[in-house]
Structure formats: C-alpha cells, structure tokens
Amino acid sequence: QVQLVESGGGLVQAGGSLRLSCAASGRTFSNYAMGWFRQVPGKEREFVSVISGGGGTTYYADSVKGRFTISRDNAKNTVYLQMNSLKPEDTAVYYCSAALAPARHFDLNRVSYWGKGTLVTVSS
C-alpha cells in the first residue's frame with residue numbers, strides 16, 4: 001500500500017512559479033514510476049508528466065514541455081513538479097500518482113495509487 005500526499009498548490013499570477021511536492025509512504029517508492037495529472041471541473045483528468053523509478057526517464061505533455069520539470073528524491077520518498085511560466089490554462093487540481101509500469105507506458109489505466117490533489121490557480 002502506498003499513500004500519496006501532495007502539497008505546494010496555491011494562487012499565483014501568470015508568469016509565476018510554483019513547486020508541487022508529493023510525499024509517499026512505503027518502502028518500495030523507487031519501484032514506482034511517479035506521475036502528475038491535472039483536472040478541471042467538467043473535463044477529463046489529463047497527463048502532465050511522469051518520471052521513472054530511478055529518475056532517469058521523464059516525459060511531459062506537450063502543453064507543459066519546457067515550462068515544467070519533474071524530479072524525485074528516492075531517499076526522501078518524494079516527487080516534485082517545478083512549474084514555471086505559469087499560464088491561466090494551467091489552473092487545475094493536480095494529482096500525484098504511482099504505477100508499477102515503465103514510464104513510457106504510464107497512463108490513467110496503469111495508475112495504482114492516487115493522492116487527493118492540490119489546487120493550482122493561475123490568475124491573469
């Protein structure tokens with residue numbers, strides 16, 4: 001069993017930055033690919049980024065590529081999402097997720113654990 005707790009969300013102006021953190025319980029953190037999804041009311045949850053268990057492989061949605069950076073610290077059981085140059089369209093609830101799957105195959109259907117989410121609001 002893995003529990004995920006996100007933090008770091010909040011209100012920021014367009015062009016600003018935020019760093020999300022996701023703390024995971026359990027002793028097998030490095031076995032899991034870790035990812036971030038986001039969701040706005042009335043829309044499907046969408047993929048944002050994923051990082052492999054060892055941290056050597058990352059993928060990003062086209063909409064955030066070049067602005068967001070995912071990283072992880074396996075010694076601290078924590079994954080991060082550094083978000084720069086934020087836009088109003090980045091406003092959403094951001095969810096941390098874990099899957100026992102290769103990062104290249106990371107999607108909603110393979111996620112085993114979800115956090116409760118943290119709200120990011122970007123004002124124009």
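Numbers for residues simply follow the sequence, beginning at 1.
- Separating the CZ atom in R67 from the OG atom in S17 is a distance of 10.0 Å, to the nearest 0.5 Å.
- Counting heavy atoms from C-beta on, the side chains of L18 and V120 come closer than 4.5 Å.
- In this structure, CG on D73 lies 11.5 Å from OG on S30, to the nearest 0.5 angstrom.
- Ring centroids of W114 and F37 are separated by less than 6.0 Å, placing the two rings close together.
- In this structure, Q13 CD and S123 OG are separated by 5.0 Å, a value rounded to the nearest 0.5 Å.
- Taking 4.5 Å as the limit, every side-chain heavy atom of E6 sits out of range of all side-chain heavy atoms of S21.
- Remark: R45 is positioned above the aromatic ring of Y95, its terminal NZ or CZ atom under 6.0 angstrom from the ring centre and at most 45 degrees off the axis.
- Around CD of Q3, the count of heavy atoms belonging to other residues, nucleotides or ligands within 6.0 Å does not exceed 12.
- Within the 4.5 Å cutoff, the side chain of V12 has no heavy atoms near those of the T121 side chain.
- At a threshold of 4.0 Å, the pair K87-D90 does not count as salt-bridged, since none of the basic side-chain nitrogens sits closer than that to a carboxylate oxygen.
- No donor-acceptor pair closer than 3.5 Å links the side chain of T58 to the backbone N or O of I51.
- Judged by distance alone, with hydrogens and angles left aside, the side-chain atoms of D107 form a donor-acceptor pair with the main-chain N or O of R110 at under 3.5 Å.
- Using modelled atom types, no side-chain atom of R72 and backbone atom of N77 make a donor-acceptor pair closer than 3.5 Å.
- For the pair L20 and M83, the minimum side-chain heavy-atom distance is below 4.5 Å.
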* N31 and L100: side-chain contact (heavy atoms from CB on, under 4.5 Å), yes or no, with the steps? -> CA-CA 7 Å; N31 290 346; L100 284 172; 4.0 Å; yes
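- The shortest side-chain heavy-atom distance between C96 and V79 falls under the 4.5 Å cut-off.
- In this structure, R19 satisfies the cation-pi test against Y80, with its NZ or CZ atom closer than 6.0 Å to the six-membered ring centre and inside 45 degrees of the ring normal.
- In this structure, T78 contributes its side chain and K76 its backbone to a donor-acceptor pair below 3.5 Å.
- Although no hydrogens or angles enter the test, the distance criterion places a donor-acceptor pair under 3.5 Å between the side chain of N74 and the main chain of G53.
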* **side-chain contact (heavy atoms from CB on, under 4.5 Å) assessment of F68 paired with L86** => CA-CA 9 Å; F68 291 11; L86 283 161; 3.8 Å; yes
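- Closest approach of A33 and A101 over heavy atoms only: CB-O, 3.3 Å.
- Grouping the Ile, Leu, Val, Met, Phe, Trp and Tyr side chains by contacts below 4.5 angstrom, directly or via other members, places L81 with V2.
- Other residues, nucleotides and ligands contribute more than 12 heavy atoms inside 6.0 Å of the NZ atom of K65.
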* Report the C-alpha separation of S63 and R38 in whole Å, then their side-chain angles, then the decisive distance to 0.1 Å, and conclude whether the side-chain contact (heavy atoms from CB on, under 4.5 Å) test is met. => CA-CA 12 Å; S63 59; R38 65 187 182 186; 3.4 Å; yes
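- Shown here for A92 and L119, the closest heavy-atom pair between the two residues is O-CD1, 3.6 Å.
- Closest heavy-atom contact between S124 and A14: CA-CB, 4.4 Å.
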* Going through the checks in order, is the side-chain contact (heavy atoms from CB on, under 4.5 Å) test met by M34 and F106? -> CA-CA 9 Å; M34 299 295 297; F106 196 94; 6.0 Å; no
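- Hydrophobic clustering keeps Y32 apart from V50 (ILVMFWY residues linked when any side-chain heavy atoms are closer than 4.5 Å, directly or through intermediates).
- Under the 4.5 Å side-chain contact rule for hydrophobic residues, L4 and Y94 share a cluster.
- In this structure the side chain of V93 never reaches within 4.5 angstrom of the side chain of K116, judged on heavy atoms.
- In this structure the side chain of I70 reaches within 4.5 angstrom of the side chain of Y60, judged on heavy atoms.
- Looking only at side-chain heavy atoms (C-beta outward), R104 and Y59 come within less than 4.5 Å of each other.
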